[in-house]
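Below, read A as the first sequence line, B as the second, and so on, with proteins coming before strands; counting in each chain starts at 1.
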Amino acid sequence: MKLYEKYPLTVTNSLSGKKEKFESINPGFVGMYVCGPTVYNYVHLGNARTFLTFDTISRYLRFLGYRVRYVRNITDVGHLESDADEGEDKIGKKARLEQLEPMEIVKRYTEDFHTVMREFNILPPSIEPTATGHIVEQVRITQELIAKGLAYEVNGSVYFDVKQYNQLTHNAYGILSGRNIEELMESGRELDAQNEKRDKRDFALWKKASPAHIMRWPSPWGDGFPGWHIECTVMSTKYLGEVFDIHGGGMDLKFPHHECEIAQAQGANDKPPVRYWIHSNMLTVNGQKMSKSLGNSFLPSELFAGTHQLLERGYSPMTVRFFMLQSHYSSTLDFSNEALNAADKGFKKLNAAREIVQQLTHPGGGTSTHTDLEKQLSALCEQCYQTMSDDFNTAKTLAVLFEMASRINDFKSGNASLSLVSAEVFSRLQATYLGFMQEVLGLLPETSGNHALLDGTIRVLMELRKRARTEKNFALSDRIRDELKAIGVQLKDGKDGEMTYSLE
RNA sequence: GGUUCCGUGGCCGAGUGGCUAGGCUGAGCUCUGCAAAAGCUCCUACAGCGGUUCGAAUCCGCUCGGAACCUCCA
């Protein structure tokens with residue numbers, strides 16, 4: 001029996017707004033698409049949260065034994081600054097501002113993005129396609145939509161005909177975002193220079209490039225560039241099929257981006273493209289969404305170094321990862337120094353227990369004793385799977401890990417004996433704790449710079465202190481401890497004179 | 001104005017009608033030469049008002065407060 005059969009998943013599907021049982025189209029395989037970054041600027045911490053969410057989801061799917069094809073794109077063209085006809089795409093604008101070739105912009109910020117992903121231990125996707133690498137396909141699907149009467153060309157640009165689509169599909173437009181087409185008509189803001197469109201709800205599939213526009217490709221309608229929404233439709237269906245399992249992204253993409261994706265794919269292929277839509281919620285600062293325009297966003301590098309005004313100090317990538325995993329992906333998460341400090345301490349506790357559980361060895365003896373402790377440990381292991389299978393509840397899973405950590409500490413301190421549990425249960429505890437910490441939640445031990453040299457040096461000092469203590473020279477032993485403490489090395493005396501240290 | 005969502009103890013945050021979430025902080029105890037770490041105990045909450053129910057933080061309604069989306073946005 002596969003793990004995904006033993007611990008069946010439920011996920012909150014944004015289409016229904018409800019938790020649903022997850023069943024993949026092909027048993028044992030999962031296709032997942034997530035909208036990646038627009039590489040026209042550095043990614044900020046809010047962006048990182050979304051990718052962390054789907055990293056954890058893909059990690060757990062794999063942990064359960066699914067074979068996952070995870071596609072996350074790079075948007076390197078076609079993202080308009082505004083919806084107006086003369087709208088400039090973001091990459092092109094940035095290229096003009098920084099006086100660089102657009103592909104230099106793309107390269108620079110793609111590399112930054114990858115660096116940040118690595119720092120947070122976010123695994124690379126299976127495929128990372130770019131929008132500019134799929135111009136041909138985007139032109140082709142646009143032609144198909146025109147042929148089906150769902151799109152029209154005006155003046156070198158092509159627009160999707162929302163009204164027509166809605167008539168053919170029994171009002172499918174708005175199915176994801178809960179909007180209806182009449183309300184959109186009334187509520188949409190008036191934009192300038194919209195006279196090209198037949199209806200203001202229509203959106204661009206292809207935009208004509210003005211003479212000054214840098215990024216341009218030939219098309220049946222003249223030189224231009226693709227609209228924003230069409231790239232995701234093309235790349236997701238190309239690599240995952242016309243219907244695939246999971247589509248993810250930030251909550252703020254639900255409308256219009258994802259709504260438009262559904263319309264394009266359904267329009268072209270006559271079926272809804274996605275079985276489960278998953279949206280991760282926003283990172284907030286003082287209750288407001290983190291965003292550049294509000295001036296409350298900061299870069300991961302500023303967070304690590306503690307150089308932003310809002311930060312009291314720096315926090316390590318793994319502390320931040322832990323912090324984010326303490327809330328559910330579908331809730332907003334409010335950032336604060338206090339919360340980060342608490343996360344820092346909590347994460348250290350889990351780490352300490354990880355080291356202990358790795359070092360502990362069972363004395364042997366494989367007979368199951370069915371003690372209360374053994375039952376409790378087995379139950380905790382089970383709970384890890386159950387909580388993660390319950391809509392990827394990382395917060396609850398961490399709570400279980402904290403309880404496991406307490407039991408692990410008991411073994412170390414002698415409050416409980418390993419002889420009370422069988423070797424089998426113990427190795428399950430070991431494997432589950434380490435597996436969920438590192439593989440599922442991606443929480444790795446913090447590594448410090450020159451480890452071997454530092455470690456050796458501290459050990460010499462610990463030997464000196466041990467000798468001082470046996471000689472009851474507490475003045476000297478305290479001095480060694482206090483001075484090391486002052487530079488961030490905490491010594492801990494254990495039983496029988498043994499000594500350990502941890503780095504602050 | 002429309003759409004969606006939220007309001008949990010000092011702080012952060014899970015909570016799928018009945019069973020201790022968890023973390024951080026604070027207080028006390030145990031252990032310790034003293035610390036640190038660890039363990040134990042305590043501070044036990046669901047915005048307000050109604051309703052459904054044997055029973056509601058959890059379902060329904062209203063009020064108050066907050067957020068996101070409706071325009072680029074993870």
How far does the [atom1] atom of [N] sit from the matching atom of [M], given to the nearest Å?
| N | M | atom1 | result |
| --- | --- | --- | --- |
| B:rC54 | B:rU63 | P | 28 Å |
| B:rC5 | B:rG9 | C1' | 23 Å |
| B:rC59 | B:rU53 | C1' | 10 Å |
| B:rG15 | B:rG22 | P | 15 Å |
| B:rC72 | B:rC62 | P | 33 Å |
| B:rU4 | B:rU52 | C1' | 25 Å |
| B:rG28 | B:rG66 | P | 40 Å |
| B:rG10 | B:rG50 | P | 24 Å |

*What do the steps show when you test A:L283 against A:L45 for side-chain contact (heavy atoms from CB on, under 4.5 Å), and what is the final call?*
CA-CA 8 Å; A:L283 183 68; A:L45 200 64; 3.8 Å; yes
Distance, rounded to the nearest Å, where [X] contributes [atom1] and [N] contributes [atom2]:
| X | N | atom1 | atom2 | result |
| --- | --- | --- | --- | --- |
| A:L253 | B:rA68 | CG | P | 16 Å |
| A:K200 | B:rU71 | NZ | C1' | 11 Å |
| A:I57 | B:rA74 | CD1 | C1' | 13 Å |
| A:D252 | B:rC5 | CG | C1' | 14 Å |
| A:Y109 | B:rA74 | OH | C1' | 18 Å |
| A:K345 | B:rU25 | NZ | C1' | 8 Å |
| A:K18 | B:rU4 | NZ | P | 13 Å |
| A:F255 | B:rG2 | CZ | P | 17 Å |

Can [X] and [Y] be counted as an ion pair, charged N to O under 4.0 angstrom?
| X | Y | value |
| --- | --- | --- |
| A:R479 | A:E483 | yes |
| A:R469 | A:D493 | yes |
| A:R179 | A:E259 | no |
| A:D482 | A:K485 | no |
| A:D202 | A:K197 | no |

Within the 4.5 Å heavy-atom criterion, are [X] and [Y] side-chain neighbours or not?
| X | Y | result |
| --- | --- | --- |
| A:Y109 | A:T38 | no |
| A:F322 | A:L350 | yes |
| A:D161 | A:D199 | no |
| A:K348 | A:S502 | no |

*Indicate the atoms forming the closest heavy-atom contact of A:N47 with A:H44, along with that distance.*
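Smallest heavy-atom distance, with atoms named: OD1-N, 2.8 Å.
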*Locate the shortest heavy-atom distance separating A:G249 from A:T50; write the atom from each residue and the value.*
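Scanning both residues, the minimum pair turns out to be C-CG2, 4.0 Å.
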*Do A:R72's NZ or CZ and the ring of A:F54 fall within the cation-pi criteria of under 6.0 Å and 45°?*
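Because its charged atom misses either the 6.0 Å distance or the 45° angle limit, A:R72 does not stack over A:F54.
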*asked:* By nearest heavy atom, map A:K472 and A:E403 onto RNA chain B; which one lands nearer the 5' end?
replied: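 Residue closer to the 5' terminus by nearest nucleotide: A:E403.
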*Heavy-atom protein contacts under 4.0 Å, nucleotides 10-19 of chain B, coded B base, S sugar-phosphate only, - none*: -SSSSSB---
*Which letter, B, S or -, goes with each nucleotide of nucleotides 35-42 of chain B from 5' to 3', with contact meaning a protein heavy atom under 4.0 Å?*
BBSSSS--
*Indicate, with a heavy-atom threshold strictly under 4.0 Å, whether A:S177 touches base, sugar-phosphate, or nothing.*
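Sugar-phosphate, no base atom in range.
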*Would you indicate what A:M251 reaches in the nucleic acid, counting non-hydrogen atoms under 4.0 angstrom: base, sugar-phosphate, or nothing?*
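The residue A:M251 makes no contact with any strand.
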*Among B:rG33, B:rA21, B:rA74, find the nucleotide with the atom closest to the side chain of A:S477.*
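For the A:S477 side chain, the nearest candidate turns out to be B:rG33.
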*Return the stems involving RNA chain B, sorted by first number, where pairs are Watson-Crick (N1-N3 with N6-O4 or O6-N4) or G-U wobble (N1-O2 and O6-N3), both under 3.5 Å, and runs are 3 or more long.*
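Stems for RNA chain B, defined as runs of 3 or more consecutive pairs: B:1-7 with B:64-70, B:10-12 with B:22-24, B:26-30 with B:38-42, B:47-51 with B:59-63.
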*State which residues pass side-chain contact (heavy atoms from CB on, under 4.5 Å) with A:M462; sequence neighbours excluded, sorted by chain then number.*
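In terms of side-chain contact (heavy atoms from CB on, under 4.5 Å), with neighbours along the sequence ignored, A:M462 is linked to A:I458, A:R459, A:L491, A:M499, A:Y501.
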_Contacting residues from residues 283-290 of chain A, given that a heavy atom lies under 4.0 angstrom of RNA chain B_ =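 Of all residues in residues 283-290 of chain A, the ones placing a heavy atom under 4.0 Å from RNA chain B are A:L283, A:G287, A:K289, A:M290.
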*Please identify each residue that fulfils side chain to side chain donor-acceptor pair (under 3.5 Å) with A:D391, with sequence neighbours left out.*
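With neighbours one apart ignored, the set is A:T12, A:Y329.
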